[in-house]
Structures are given as structure tokens and as C-alpha cells.
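Remarks on the structure that follows.
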Number of protein chains: 2
Amino acid sequence: MKPGVSPDTFPPRSHEAKRISVVEAAASVFCREGYAGANIDLIAAEAGVSRQTVYNHHGDKEKLFVAVVRDLTERCNAGIFATIATFPDQPAGLEADLVAFAVRMNRNCTCNRDGRFLRKLIQAEGERYPELFAEWREQGPGRTWSALAARFARLAYAGHLSIDDPDVAARQFFALVNAELQITFMLGGMPTEEEVLRSATNGVRTFLAAFGRRKAASVRQAGLAHA
Amino acid sequence: MKPGVSPDTFPPRSHEAKRISVVEAAASVFCREGYAGANIDLIAAEAGVSRQTVYNHHGDKEKLFVAVVRDLTERCNAGIFATIATFPDQPAGLEADLVAFAVRMNRNCTCNRDGRFLRKLIQAEGERYPELFAEWREQGPGRTWSALAARFARLAYAGHLSIDDPDVAARQFFALVNAELQITFMLGGMPTEEEVLRSATNGVRTFLAAFGRRKAASVRQAGLAHA
DNA sequence: ACAAATTTAGACAGACTTGTCCAATTCGTC
DNA sequence: GACGAATTGGACAAGTCTGTCTAAATTTGT
């Protein structure tokens, strides 16, 4: 991974810092302009380094692009798993806890800088790099859905939910919670805190109406009705 | 709209046919390569015309791109409204009818060539042409959601569903029905007929569990469980 | 303070694009 | 069959971009 150096002395931090700076600037420019439209000079300028430094670190444009996607995938996955770890296993108030979880997921994974960038790169360039994005698919959604499904299964086993197929339920949870943000996502925009909360609230409410234990039948009519 | 011609004789059909041919080839190339990566020579070749003809018809690359998006938007909207017209207002079997409707929607609008192309262009270039895609947003999703919400409201009023907010329900219906196709859509792929059916079936089942009238409480456990 | 490695700015060739121009050809129509 | 409009292919200038190279300046560790 690291460029060849003397036995025990590794390159100064500034070296690594610049590498990161370049990758981040590249992520931003690739997303804004597309792969073909991205300009190495612009990336260098935005990273605050010279063009030559970009080539020294990453070889060529395509390798830089791959590095960007790998980087984003890794960070996003880390964020997703960290957030899944906060899933409410022993909920005090199920609706409130699931809403809070959904909002965390949105804020820390789906809507943050890395999440939006990765999504856009996948959408725009996914077909051009099949193996790269197949890798993302396995590492990301593949493991993510399983992990989330396991949490829902546990919640069902503990009697808080009534679920036939945890995998389907997990995917539907996500779909419901993001239902009102689709168009904003499509255009690469950043929903407001309030929109996220509203979409999550409406989504969780419907999710519980479908999968909630029937004991508390008044759940759906309880809260304020967000338009 | 049409280019200036003599009073009563309009250009031969071949003229218009080539215009269409160019726009379709352009849609394909813009989607595959992105705006910046799209090459006019390639578009011309794919359309089976000379480069000069492309310029004769559309002026320049940007105007051609706008024409492509307008064209796709128009056709997609027409398809969407035509499909919404087949919404089951007086359902014989509610679940089966809604599944069939969802499958129609997917096949004729979301997953067909125009739908996939338009979605990709919006995702990739939406930020670069705010007013163009704002127009799409108003003409497309804006009116679509209203129309669909109205249908659900009628269904609720007729006693087939129990819905608080028809707009929310309409968005959630779409989200649920496409829940299992998200990743395929992201990568610009085309789901199989079977995947579409499965996602629709699972989605409608959950939708009815949440919004169905309680009379038939056994709805959720009825059908075969699609994994 | 010194020596080695890294970074920088700039020039550079090669390739590629866009959009224009033009003469020759083809096509549809009368 | 002949006329006029549309189409074609090719050449073309102007601009942009990638990736390389070099010599000078800077930074880093010792």
C-alpha cells in the first residue's frame, strides 16, 4: 500500500495528509462534473497541491477514481455498521426509538457527504466499472441488509414485532423511512433536518402499522399528523 | 416548433425521422458516457447520420441535451398518466389488483428504456441544469403524486383502505413496491420480470397490512412467502 | 545545519472535441 | 427528368485535456 521508504522511517504526515486531501477533492469534483468532465488541474487546485503531486500519488485519472470509490465505500460502511450498532434492541418506546434510529441512519450515512458522494458515483459510473461496484455491492448493501435484518429478527423474537421475513422487512423499513426523500436524493440534494424527521416518522408509523404487535392498536392515530 | 419551411410543403418525413433518431441515440450516449463524456461523432454514428446533420438539427451539444431531457420527460409523463388511468378504482381482489397495477407501473414507466434513461440523466446532471430539472419535477413527480394520491383517497373513501394522508400513502406505496429494486435501479440495471413481481407482491402485502381495512385480518399470512 | 525526498511551476507533445465551412452527392417532389 | 433542399464526408481552427519531463524550491528527519 504505502510507497517504498527507508526501513524504519515512514514518510512525513504531510505526505499522507496530501494524499487524503487529493482524494477528497477528487471525490467532490468527480461528483460535480462526472468522471469524463472531471479535470485533474481542478482537483489539484481544490486539494491545494500541484498537478504533479496528484500524479505522484495516484498514477493516473482512473486509478484516482478507483481510490476515491474505495475510500468512500470503506468510510460509508464503517458509518453504517457503527449506526446499526445503535439499533434499539430493548426499546422503551418502540416508535420513538425506531424513528430516532432512522434519523441517525439518515444523518450519519445516507445524507452525509460521503453517502451522497458514493451514491452519485455509483449511479453515474456504476456501469462503467462493473467489478468495482460489484465489490461495493457485496461489502455494502449485502452485509448491511443482513445485519439490519438480524436486528429486526431479534426484535420480532423478543415479541416487539410480527415479521415473516426479516430481510424483506429490513428493506421495506429503509424504503419507508426514505419514502419522502427520494426526489431530493435523486437530484443530489440535502434534505433538511425537519424533512428527515417527518419522513422517518411517517415511515416508522406505517412500518409499525404493518409489523407491530397488535396489542397497542392505537399506535397509528397517536402522534401529530405530519403532512 | 417545426423549422421554417415553405407555406404549405413541409420537410419530408425522413427529416423528422432523423431528428428523432438523433435524439434517441443522444439519450443512449448521454446516459452511457455522461454529458461531458458524450461525443457528438459517436451520437451521429449511432443515429446513422453525419455529424453535420446533428448540428443542423439541434444547434449545439447543450441544446441537444436539453431536447433529450424534454423528450424523455414528455414521454415518461405520458406513460405514467396512462398507467395511473388503469388504477383499480373498483377492485375485485384488492391485493391482486394493486400488485398488477404496481407491476404495470414498473414495466411501463419506471423500468422501461425512457424511465431508466431519464432517471439516470436526472441523477447525473440534475445539479448542472437546475431550471430544466425543476421543470421536470413540477410536471412529473409533482402531478404524478397528486394523481396517485387522489386514486388512493377514492379507494379509502369507498371503504377499501384506511388512510390518514393520501399523499403520504401514495409515496409509501411507491417506496414499498420498489423496495427490493433499489440497488438494481442504482446501478442502472433492468430487474427481471420475476424480481419486479416479487418486490410488488411483498410491497403491496405490507402496504395492505398497514392501510387495509381490518375486516380481512388474515391477508398477510395468505399467499406464498416470497424470499 | 545537512542531505534526501518531496513538492512545485511551467513547458510540452499528443490526442481528442467542438463547432464551422464547403463542395459533392443524394433525396424527395413537381 | 429536373429542380431545390437536405445530407454527407472531410478538412479545419481553436480549445482542452492527459500524462511526462525538468529544474528550482521546499520540507523533513537526523
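Here is the naming used below: chain letters follow the sequence lines, and residue numbers restart at 1 for every chain.
Of the candidates D:dT18, D:dT8, D:dC12, the closest approach to any side-chain atom of B:Thr53 belongs to D:dT8.
With rounding to whole Å, B:Tyr55 atom OH is found 11 Å from C:dT17 atom P. One atom, CD of A:Glu16, and another, C1' of C:dA5, lie 16 Å apart when rounded to the nearest Å. Rounded to whole Å, atom C1' of D:dT16 lies 12 Å from atom CZ of A:Arg51. Nucleotide D:dC17 holds its P atom 10 Å from the CD atom of A:Glu33, rounded to whole Å. In this structure, A:Asn56 places its CG atom 17 Å from P of D:dT27, rounding to the nearest Å. The CZ atom of A:Phe65 sits 14 Å away from the P atom of D:dT18 (whole-angstrom rounding). The separation between B:Asn39 atom CG and C:dG19 atom P is 11 Å, rounded to whole Å. In this entry the distance linking CD1 of A:Ile40 with C1' of D:dT16 reads 13 Å, nearest Å.
As judged by a 4.0 angstrom heavy-atom cut-off over every strand, A:His57 is placed among residues touching the sugar-phosphate backbone only. Nucleic acid contact for A:Ala38: sugar-phosphate only, since backbone atoms but no base atoms lie under 4.0 Å from a heavy atom of the residue.
In terms of position on DNA chain D, the residue among A:Gly37 and A:Gly59 whose nearest nucleotide sits closer to the 5' end is A:Gly37. The residue among A:Gln52 and A:Tyr35 whose nearest nucleotide of DNA chain D is located toward the 5' end is A:Tyr35.
Relative ring orientation between B:Phe152 and B:Phe207 is described as tilted, the plane-to-plane angle lying within the 30° to 60° band. Ring geometry for A:Phe133 against A:Trp136 counts as perpendicular: the plane angle is over 60°, on a 0 to 90° scale with 30° as the lower cut.
The structure places CZ of A:Phe185 at 9.0 Å from CE of B:Met186, a figure rounded to the nearest 0.5 Å.
When the side-chain nitrogen and oxygen atoms of B:Lys18 are compared with OP1 and OP2 of D:dT8, one or more of them lie within a distance under 4.0 Å.
No side-chain donor-acceptor contact under 3.5 Å links B:Thr184 and B:Glu195.
A:Glu194 and A:Arg198 are joined by a salt bridge, as a carboxylate oxygen and a charged side-chain nitrogen come within less than 4.0 angstrom of each other.
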